[in-house]
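Values below: every heavy atom of this structure, side chains too, minus hydrogens, waters and symmetry copies. Please read these numbers as outputs of a predicted model, since none were measured by experiment.
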Amino acid sequence: MNTTFDVIVVGGGHAGIEAAYAAARMGSKTLLLTLDEQKVASMPCNPSVGGLGKGHMVFEVAAFGGLMPRLCSKTYLQARMLNTSKGPAVQGLRLQIDKYAYNKLAVEMLQQTPNLTVFSAMTMAVLWREKEGKRSITGVKTADGTIYYAPAVVITTGTFMRGLVHVGRTRYRAGRRGEDAVYGLSDTIAEAMQVPLGRLKTGTPPRLIRESLDFTQFERQESEPLHFLYEFDEHVVEEKIPCYIAYTNEKTHEIISSNLHLSALYSGNIKGTGPRYCPSIEDKVGRYPDRPSHHVFIEPEGADSNEIYPAGLSTSLPLEVQLAYIRSIKGMENAEIAKCGYAIEYDFIQPTNLSHTLEAKTVEGLFLAGQINGTTGYEEAAGQGMLAGINAALRAAAKPPFILSRQESYIGVMVDDLVTLGADEPYRMFTSRAERRLILRQDNVFLRLMPHARDLGLIDDEQWQKFLDEKAVIQASVGYTQGHGNQTELFKALHCVVFGAGEQQAARALLEPRLAADGLPVKALSSRALLSVHAEVKYAGYLHKEQMETEKAARYQQLVIPASFDYAQLPGLSNELAQKLRHYGPKNIAQAQLIPGMTPAAISILIFQLRMQMDSTPCEF
């Protein structure tokens, strides 16, 4: 096989396949190196994609023509829109996935992608050269001694770098269940970048045999009617296999509490920091001893699989303890474990050592994406992988880099958080991390981001025309509604549009004749486009205010905050935010905006006071 490429991607998880897919579609001759090419896009933890914040990022990957949303739409078992009692900005599409179908389809699509070679090999080292004090990547070396050359390399190793699995007091080397860990690679990356390694931890629950559970004792998880997934075209969204909810109880907690000393987490064997927002069941019981029960989500692993995923029961307790506490749960009295749960530790690199392109600051052409950057979740990995793959292709072609800002995308929020603040625990995306949630909605993602994708060569002519048609229809529909006042039938119909078929039909009946009369493509008025019109009309005043706040913050990004500035004297600033500002000591407004929990209102107050000090004439906002 030819050993010279434009881009090399190491790792075939959700970050790796997006990186390889993006780079290849941009015309780069791309090599994807993974331990087993038949296991790409595996789901070793919960076989689900999306949710609050996470689902927004999958829509953003869709706007760039990425792989994850295309795979999801063809392999889902159940689709639910979360948070429907709230506005469109904080709703999140979540899909339960057939993990086996997802993996099989990913293999097929990658094999059919022009410019992409997928090869099974263990990567042992990154290679670089140093010239005039600057380091640049030259390629990678695999376990059999083969050297592959490329001016851009993307590392997406997930939990494999020095992976260590824990089950009770037993521990062994593994990248995930049944697969080898990779030793040596992380040391060469750290040496190249001249930075230390860190350790993080995650975990997974045991898998249960379907026939051993009594589903009549569980609460069925109802899914609302949906009319769209991650693409332009309408979908007939159906529930193929239902999901259920069970509950732990006092007996469950008693069994766990009496065996905490056997957990790898509590025995001190685990050194890495675990995810705050996805704790193990023993961590939940240990942290909240007075809580009588916790949710357990009973979810299928595949349409033809006999294994059930009990989300919420991630653990590192011994197998016999896992079986005991599971059988204490109503409906699981006769449960049989197919695979035991475990915790896993792995190496990561502090992401503050990367630029906003996810390129190493000290090694040109070396990009990192996914869990190696301190994140957790398939969606976070996919967003980073896509961005890293795009920039690796641009680096190989000697073109300017591409950066997504936090003002225009959730992927931009995530990357900005990582490279600016770093990760002291596995990072997970939430809508609350974005300052401009009303702007960064799922329904308007194509309007926000597809022009970037077109410029990068990731969108073909057919898809681009669909985008232009939908954009024209949305703009015309918003104009019609806003131009006829708030008392019209059209406004009333749109005001009710969320996911109800009746309201959608009423709005279409009023809009379509006007669209057709103007020669606009009525078929572009999809359910998602209708939701976008609804949001633009409903939140018009707030959106205008958000846009003004965004522009104002952009103007004053580099406004210097003196070291002696007294935050206690800021009128209208909460004590909590004043304490955070003192703790972090930001040097300018851009850094202040990144402090966790900082609000747009607080930033406005800070800008106002700083301008007052600089000029006796207050600045108008």
Residue pair [X] / [Y], side-chain donor-acceptor N/O under 3.5 Å:
{"X": "Ser314", "Y": "Ser280", "result": "no"}
{"X": "Thr315", "Y": "Gln322", "result": "no"}
{"X": "Thr159", "Y": "Gln371", "result": "no"}
{"X": "Thr420", "Y": "Gln591", "result": "no"}

Among all residues two or more places apart in sequence or in another chain, which pass the side-chain contact (heavy atoms from CB on, under 4.5 Å) test with [X]?
{"X": "Ser305", "answer": "Tyr100, Glu301, Glu307"}
{"X": "Asn334", "answer": "none"}
{"X": "Lys39", "answer": "Asp36, Ser42, Arg176, Glu179"}
{"X": "Phe430", "answer": "Tyr277, Arg428, Ser432, Arg433"}

Can Arg162 and Leu164 be said to form a side chain to side chain contact (heavy atoms under 4.5 Å, CB included), step by step?
CA-CA 6 Å; Arg162 290 201 300 163; Leu164 190 62; over 6 Å; no
ring-ring contact (aromatic ring centres under 6.0 Å, His included): pairs with one or both residues in residues 73-92, sequence neighbours excluded
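Counting only pairs at least two positions apart or across chains, no ring-ring contact (aromatic ring centres under 6.0 Å, His included) contact touches residues 73-92.
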Can you list the residues that meet the ring pair (Phe, Tyr, Trp, His ring centres under 6.0 Å) rule with [X], with sequence neighbours excluded?
{"X": "His166", "answer": "none"}
{"X": "His14", "answer": "Tyr102, Tyr378"}
{"X": "Tyr410", "answer": "His56"}
{"X": "Tyr247", "answer": "His295"}

Test of understanding: with side chain to side chain donor-acceptor pair (under 3.5 Å), list the residues that count as partners of Ser186, not counting sequence neighbours.
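By the side chain to side chain donor-acceptor pair (under 3.5 Å) rule, Ser186 matches Asp347.
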With a 6.0 Å cut-off (strictly less than), is the heavy-atom count around [atom1] of [X], excluding the residue itself, greater than 12?
{"X": "Tyr288", "atom1": "OH", "value": "no"}
{"X": "Tyr542", "atom1": "OH", "value": "no"}
{"X": "Arg173", "atom1": "CZ", "value": "no"}

Write down the atom of [X], the atom of [Y], and the distance for their closest heavy-atom approach.
{"X": "Leu35", "Y": "Asp180", "result": "CD1-O, 3.6 Å"}
{"X": "Leu93", "Y": "Gln442", "result": "N-OE1, 3.0 Å"}
{"X": "Met43", "Y": "Val49", "result": "CE-CG2, 3.7 Å"}
{"X": "Ile17", "Y": "Gly12", "result": "CG2-O, 3.6 Å"}
{"X": "Pro300", "Y": "Pro47", "result": "O-CG, 3.7 Å"}
{"X": "Leu95", "Y": "Cys72", "result": "CD1-CB, 3.6 Å"}

Check whether [X] reaches the backbone of [Y] with its side chain - one donor and one acceptor, N or O, closer than 3.5 Å.
{"X": "Asn249", "Y": "Lys251", "value": "yes"}
{"X": "Gln221", "Y": "Cys243", "value": "no"}
{"X": "Arg287", "Y": "Val285", "value": "no"}
{"X": "His294", "Y": "His253", "value": "no"}
{"X": "Glu282", "Y": "Ser316", "value": "yes"}
{"X": "Glu380", "Y": "Lys54", "value": "no"}
{"X": "Asp98", "Y": "Leu77", "value": "no"}
{"X": "Glu408", "Y": "Arg448", "value": "no"}
{"X": "Gln384", "Y": "Gly370", "value": "yes"}
{"X": "Tyr427", "Y": "Gly374", "value": "no"}

Give the intermediate values and the outcome of side chain to side chain contact (heavy atoms under 4.5 Å, CB included) for residues Ile298 and Met332.
CA-CA 11 Å; Ile298 311 300; Met332 300 186 187; 3.2 Å; yes
Check Glu299 with Arg80, please: is the shortest side-chain N to carboxylate O separation under 4.0 Å?
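Glu299 and Arg80: not salt-bridged.
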Taking Arg441 first and then Glu536, would you say they form a salt bridge - that is, a charged N and a carboxylate O separated by under 4.0 Å?
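Yes, this pair counts.
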Worked verdict on Thr156 versus Glu18 for side chain to side chain contact (heavy atoms under 4.5 Å, CB included)
CA-CA 10 Å; Thr156 67; Glu18 292 295 346; over 6 Å; no
Arg406: salt bridge (Lys or Arg N to Asp or Glu O under 4.0 Å) partners, not counting sequence neighbours
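In terms of salt bridge (Lys or Arg N to Asp or Glu O under 4.0 Å), with neighbours along the sequence ignored, Arg406 is linked to Asp416, Asp417, Glu435.
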Output, in order, the C-alpha distance, side-chain angles, deciding distance and verdict of side chain to side chain contact (heavy atoms under 4.5 Å, CB included) for Asn259 and Tyr325.
CA-CA 10 Å; Asn259 288 283; Tyr325 77 66; over 6 Å; no
Can you pull out every salt bridge (charged side-chain N to carboxylate O under 4.0 Å, His left out) where at least one residue sits in residues 316-333? Sequence neighbours excluded, please.
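Residue pairs passing salt bridge (charged side-chain N to carboxylate O under 4.0 Å, His left out), neighbours aside: Arg327-Glu336.
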Rounded distance [0.5 Å steps], OH in Tyr346 versus OG1 in Thr202
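Going from OH on Tyr346 over to OG1 on Thr202, the span is 5.5 Å.
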